Each structure stands twice: as structure tokens, then as C-alpha cells.
Amino acid sequence: MSPATHTGRLRSRWSLTVLMASVLALIAGFMAYTQMGSASAVNSSAAEESEELPTSDTPDFGENVKIFDPGTSAATIQAAVDEAFDAQENNPTAQFGDQRYAFLFKPGTYGRVWANLGFYTSVAGLGLNPDDVTINGAINVDSGWNYGDTANATQNFWRSVENLAIAPEDGTNRWAVSQAAPMRRVHVKGNLTLAPSNQDNGQGYASGGYLADSQVDGTVSSGSQQQWYTRDSDIGAWEGGVWNMTYSGVKGAPANAFPDKPHTTLETTPTTREKPYLYVDSDDKYQVFVPALQHDSSGTSWPDTKGTSIPMSKFYVAKPGDSAARINAALEQGLNLFFTPGTYELDETVKVTRPDTVVTGIGFPTLIPTAGNTALSVADVDGVSVSGLTFDAGTTNSDTLMTVGTAGSHTDHAENPASIQDVFFRIGSSVQGKATTTLAVNSDDTIIDHIWAWRADHGGAATGWDVNTGDTGLLVNGDDVLATGLFVEHYQKDEVVWNGDRGETIFFQNEKPYDVPDQKSWMNGSQNGYAAYKVADDVTEHQLWGGGSYAFFNSNPDVKLDHSFEVPDKEGVSLHSILTVSLGDVGTISNVVNNTGGAVPNPAGNTTPRNVVSYP
């Protein structure tokens with residue numbers, strides 16, 4: 001090798017080395033730049049969630065909330081409510097659509113408004129008392145929207161009216177609803193009918209609903225309502241009833257007469273805390289009023305409702321698209337939560353840890369866990385209020401959709417209990433959801449005031465025994481828990497499991513799962529099927545007033561259920577005014593409670609119930 005050749009190769013190697021070093025330097029620089037960018041993005045995200053989130057006493061509630069004042073023309077209001085409803089009428093997809101509406105009325109009197117309410121629609125007054133807002137016309141719910149099923153109101157779900165007065169046209173307001181459709185804090189200046197307009201001598205059906213803290217000057221006509229619960233209200237009179245009409249703290253309610261007449265009447269409600277509500281003060285600023293705890297209540301809480309006002313500047317107003325991290329940041333900032341209408345996809349649990357936090361919503365805001373997580377958890381603390389929310393199970397199974405308290409903990413909250421009001425759970429709807437248990441209540445003294453936990457028998461997405469799976473709608477581990485208005489339907493195992501002591505339920509409505517494929521698939525050990533309402537064997541005290549459970553095993557009418565109610569035979573455990581029904585005589589329930597009550601189909605046929613006045 002000549003010196004020249006050797007030198008050339010050395011120069012080539014040196015050049016290659018320099019080139020490689022330069023390339024490595026460029027790569028290192030690029031990686032550093034990329035890491036800086038990633039770190040910057042992470043820091044930016046962290047900064048976003050740690051920043052002081054803005055609040056206001058006059059917040060923007062978003063485009064799905066329409067706010068009217070007495071200066072708004074009746075034509076403008078009518079056009080707005082018609083636009084929301086007309087898009088749903090005869091629309092087979094609206095029942096599980098993503099539309100959400102809230103129509104809010106500032107104090108004053110409004111000219112003729114005929115507000116038909118469709119799915120996911122709320123109407124509310126913004127006065128401190130119901131009589132601060134008067135609607136002349138109607139807040140109307142009727143059947144007829146559903147193709148080929150115009151006499152059926154049994155699917156009139158997810159709509160609400162509260163905190164206003166209605167002066168009904170022609171003297172009667174129609175509210176033909178079924179589950180998840182509360183009427184609260186309403187003054188009907190006339191009559192109220194709960195039946196569809198095309199009832200046709202009983203052929204127009206309605207399935208059961210909830211009325212609370214309301215005054216009806218005239219007569220409430222229940223028509224074809226199968227079951228209904230009225231709480232702490234004042235009515236002129238009540239007429240009608242099919243199987244289970246239950247009243248607690250209702251002035252003017254029928255006398256207790258079950259089963260000769262289907263009325264179960266309690267003079268008072270043991271413990272109540274009315275639902276928080278939005279209003280505007282004299283300075284046109286928004287506040288949330290949180291009613292105080294009551295004991296042995298009767299009649300309406302208004303006009304002199306005791307409680308506390310919280311300015312909206314103490315709330316984070318959540319809007320669709322907000323992440324769970326941002327919502328949790330608001331809670332960590334010490335804010336309450338106010339959910340506006342829409343759908344919220346949550347990849348982590350929203351965690352409420354501060355006593356007396358208010359979590360509320362309008363227009364059926366819907367929370368969906370996306371990672372098999374619990375959507376909302378409440379720590380074992382005093383006074384948390386959760387209301388006005390809907391939960392949809394996600395496609396990845398969640399152990400629970402909502403929890404209150406810590407399993408195994410028994411802290412006394414009697415002076416300031418947690419409350420759950422107008423909160424609705426769905427396994428299967430617009431999503432093929434899955435959840436083992438929808439609501440688990442571990443905190444002692446919790447008030448459950450109107451929930452509907454529903455494993456869907458139909459939906460926008462396909463449903464089926466192996467598709468939208470769910471074991472239990474309500475699991476109660478806390479002691480001294482009270483449920484007023486409990487609707488739990490179609491779960492695949494024991495639908496309500498009550499492990500806590502000294503629990504009480506006033507009104508229970510249930511349908512067993514329709515889609516049981518065969519008996520072998522639905523055995524609880526040697527027992528045929530699972531109970532609708534199960535009180536654990538070690539419970540020493542428990543009461544239930546007014547409960548009905550239905551069978552409709554249309555996938556396989558040969559399926560049998562041994563009993564709908566299962567309780568320990570103990571002196572302190574008692575059930576009152578309970579019944580079972582085989583709808584259309586499709587499927588068998590062998591007894592009402594334990595081995596007592598007899599079977600349905602009743603030999604008399606014609607969907608005749610079996611009644612048990614008192615057990616034991």
C-alpha cells in the first residue's frame with residue numbers, strides 16, 4: 001500500500017467519521033427537540049388542568065340551553081320548543097339520539113305556549129318558587145310519536161319539568177310518561193292527567209312515573225298508569241289506579257286500601273332533601289338553591305323552602321368535550337359541578353371528595369366511561385348531592401358506574417346525608433354497554449330519591465343476553481339508607497341487593513329481563529332465576545312499602561322465576577303492598593316473596609296480579 005493510498009483512506013475515514021458525527025449530532029439535536037416538544041406538550045396539558053378554571057355568576061350554558069324572559073314573544077318560544085320536538089316525532093332513532101335540550105324561563109307570566117316534550121328535554125322555571133313563573137298553555141307529553149305504536153306511552157322516558165306553574169289550556173295538563181321523567185316542584189293550576197290522549201278504554205298504556213314536591217289544584221287522573229309514586233305533594237283529588245299507586249307525605253291522597261284498591265298511603269316521608277335547582281336572583285345572577293334536610297315531611301316544601309343558595313361562581317359549568325381531568329381539576333379547585341346538556345366521554349373517574357359538594361345537571365347530560373372505569377365516585381363524606389345526570393355504560397365492562405362511600409365503612413351521616421336524585425343508569429342504549437353493577441351505595445344514611453337503573457331491552461345499538469350484560473342495578477351496603485322512588489329493571493342477577501341494616505324503600509318498580517334464553521342460563525344455584533329485590537340473610541331490620549315486579553319472558557315463555565322478593569324471615573324485616581304480574585301471561589313467577597303469594601299467570605288470566613298485603 002503506497003503512502004498516498006494510505007493517506008487517502010485515512011482522509012476518507014476521517015471524512016466519514018466527521019459525517020457520521022454530524023449525522024449523530026443532528027439526530028441527537030432532533031431527539032432533544034422532540035423531547036422538548038413532548039415535555040412542552042405535557043407541561044402545557046398539566047398547566048391547562050392546574051390553571052384556575054374560570055367561573056361566573058352569569059355563565060354561558062351553551063347552545064343547547066334556551067333562556068326566555070317575559071319579554072320574549074310567545075311565537076319565538078313556540079318556534080324553539082317546536083323545533084326541538086318536531087325533529088323527534090315519528091323518528092325511530094330519536095329515543096337514543098344525541099340531542100339534548102333545556103328550556104329555562106325567567107320569572108314572569110308567559111302567553112300561550114304549548115310545549116311538547118320529547119326525549120332528553122327539560123323545562124324549568126328560574127324563580128325561587130314555582131309560582132314565580134307561570135306558563136299558560138301546556139307542558140305536554142303524549143303518545144303517538146312512535147311508528148306503529150301510537151297508543152303506547154310506555155317508552156316516554158328521559159324528559160322533565162320543574163319549578164314552575166302551569167295554567168293548562170282547557171283546564172287539564174297531560175303528562176303521559178313512564179320511567180326517568182320526573183315532575184318536581186310544579187304547581188298545576190287545574191287538573192293533571194297521566195294517561196295518553198288515545199287511551200281508548202285502556203288500550204293506551206303507560207308504565208309508571210314520579211311526582212314530587214308539587215301542587216295540583218284539581219284532580220290527578222292516573223288512567224292507564226300501571227304503577228306511580230307521589231311524594232310530599234298537595235293534590236285536590238286522585239282518581240284511578242291499576243296495580244300499585246304509592247303515596248308518602250301527600251295531602252289529598254287516597255286512603256290506604258291495598259289490594260282492594262291499588263293505593264298504599266303513608267302520611268309522611270321519613271327523610272327528604274329536595275333536589276337542588278337553578279334560579280336567578282334580583283340582580284339577574286344565577287344561583288343554585290340547595291334545600292335543607294327534612295324529617296317526617298308532608299306537602300310541598302315551598303314557598304318557604306329552607307336551605308342555602310350557592311352562587312354560580314362557585315360552580316364549574318361543564319360542557320360536552322370537557323375531559324375527566326378538567327372536571328377533576330375543577331373539583332380540586334373547590335368548585336361544585338354543573339353539567340350542561342350533552343354527552344361526556346370520561347376516560348377516568350370523576351372523584352368527589354369534598355363534603356357538601358353539589359353535582360347537578362340540566363337537559364339530561366350523559367356520562368359515559370370509556371375505559372372500563374367508574375364514571376363518578378363520591379367519598380364517604382357528609383352532604384354530597386348528585387342530581388340530574390344520566391349514565392351510559394361503555395363498551396368495556398365497568399365494575400360500577402357510580403359509587404357513594406367506601407365499602408366496609410360505616411360513618412354516621414344522619415345529620416347531613418348524601419343524596420342521589422333524578423339519576424338514571426343505562427346498560428345498552430345508543431352504546432352496547434356493559435357494567436356489573438350500576439350504582440353501589442356504601443355510605444350510611446344516603447337518600448336515594450328517584451333513580452331508574454335500566455338494562456336495556458331495546459336500544460339504538462343491538463341488545464341481547466350476551467351483548468349488554470349487567471348483573472345488578474343497585475347494591476346497598478350502607479346502613480340506614482332510604483330509597484323513595486326506586487325503578488330497577490331487566491338485570492341478569494339479583495337486581496337490587498340490600499346488605500345494609502335498617503334500610504327502607506318507599507315504592508319499587510321492576511321488570512325482570514325479557515331476554516332470558518332458557519332456564520339453564522338463569523339459575524341461582526338450585527333456584528329458578530334471581531330476585532328483583534333481595535335483602536341479605538344477615539340483615540335484621542328492613543322495610544319496603546309498595547313494590548311491583550313483572551315477568552315478560554318473551555324470548556322463552558317457559559322460563560320460570562321462583563320469587564321476585566327474597567328476604568330473611570326475621571321480626572324486623574317486613575314488606576307491605578307487594579305484587580307480581582305476568583304481562584300478557586308470558587312467563588311464570590311461582591311466588592311473590594319467598595314461598596308466599598302464589599303464582600302468576602294467575603289462573604284468572606288477563607294479566608291479573610298476585611298481591612301480598614304484608615309479609616310476614
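Quantities reported herein were computed from a predicted structural model and do not represent experimental measurements.
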Under 3.5 Å, which donor-acceptor pairs do the side chains of residues 248-258 form with other protein atoms, sequence neighbours left out?
unit_1 : atom_1 : unit_2 : atom_2 : d
Ser248 : OG     : Tyr229 : OH     : 2.7
Ser248 : OG     : Thr269 : OG1    : 2.8
Asn256 : OD1    : Thr265 : N      : 3.0

Could you check, using the six-membered ring where one of them is a Trp, whether Phe508 and Tyr533 have ring centers closer than 6.0 angstrom?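 Yes, close enough.
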Please check if any side-chain donor atom of [X] sits under 3.5 Å from a side-chain acceptor atom of [Y], or the reverse.
X      : Y      : result
Asn594 : His563 : no
Thr411 : His413 : no
Thr403 : Ser377 : no
Ser178 : Ser207 : no
Asp380 : Thr406 : no
Tyr247 : Ser233 : no
Ser298 : Asp296 : no
Tyr210 : Trp228 : no

Donor-acceptor pair, [X] side chain versus [Y] backbone, under 3.5 Å?
X      : Y      : result
Thr446 : Val481 : no
Gln492 : Gly470 : yes
Thr472 : Asp494 : yes
Asp445 : Ala414 : yes
Thr349 : Thr374 : yes
Asn328 : Ala325 : no
Asp457 : Tyr514 : no

(message) Against the six-membered ring of Tyr120, is Arg100 placed for a cation-pi contact (under 6.0 Å from the centre, within 45° of the normal)?
(response) yes
Notebook entry, point to check: For Phe119, is the NZ or CZ atom of Arg159 found under 6.0 angstrom from the centre of its six-membered ring and inside 45 degrees of the ring axis?
Noted result: yes
Across all chains, not counting sequence neighbours, the side-chain hydrogen bond (donor to acceptor under 3.5 Å, both in side chains) partners of Ser521 are Asp518
Sorted by chain and residue number, the side-chain hydrogen bond (donor to acceptor under 3.5 Å, both in side chains) partners of Ser313 (sequence neighbours excluded) come out as Asp57
May I ask you to check whether over 12 heavy atoms, not counting those of [X], lie within 6.0 Å of atom [atom1]?
X      : atom1 : value
Lys570 : NZ    : yes
Lys351 : NZ    : no
Glu267 : CD    : no

Any Lys/Arg nitrogen of [X] or [Y] sitting under 4.0 Å from an Asp/Glu carboxylate oxygen of the other?
X      : Y      : answer
Asp449 : Arg184 : yes
Lys275 : Asp422 : yes
Glu566 : Lys534 : yes
Glu495 : Lys512 : yes

Which pair of heavy atoms, one from [X] and one from [Y], lies closest together, and at what distance?
X      : Y      : value
Gly241 : Ser222 : N-OG, 3.1 Å
Gln294 : Ser297 : OE1-CB, 3.9 Å
Gly464 : Asp515 : C-OD2, 3.4 Å
Pro320 : Gly342 : CG-CA, 3.6 Å
Ala102 : Ile362 : CB-CD1, 4.1 Å
Thr271 : Leu482 : O-CD2, 3.3 Å

Can you say whether the rings of [X] and [Y] are parallel (under 30°), tilted (30 to 60°) or perpendicular (over 60°)?
X      : Y      : result
Phe157 : Trp452 : tilted
Phe289 : Tyr277 : tilted
Trp522 : Tyr530 : tilted
Phe364 : Phe424 : parallel

How many angstroms lie between [atom1] in [X] and [atom2] in [Y], if you round to the nearest 0.5 Å?
X      : Y      : atom1 : atom2 : result
His490 : Arg426 : NE2   : CZ    : 13.5 Å
Asp232 : Glu274 : CG    : CD    : 6.0 Å
Leu389 : Tyr344 : CG    : OH    : 9.5 Å
Thr540 : Arg502 : OG1   : CZ    : 7.0 Å
Glu511 : Tyr491 : CD    : OH    : 13.5 Å
Leu293 : Ile447 : CG    : CD1   : 5.5 Å

With Arg455, the side chain to side chain contact (heavy atoms under 4.5 Å, CB included) member among Thr469, Asn468, Asp471 |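 Testing Arg455 for a side chain to side chain contact (heavy atoms under 4.5 Å, CB included) against Thr469, Asn468, Asp471 leaves exactly one candidate, Asn468.
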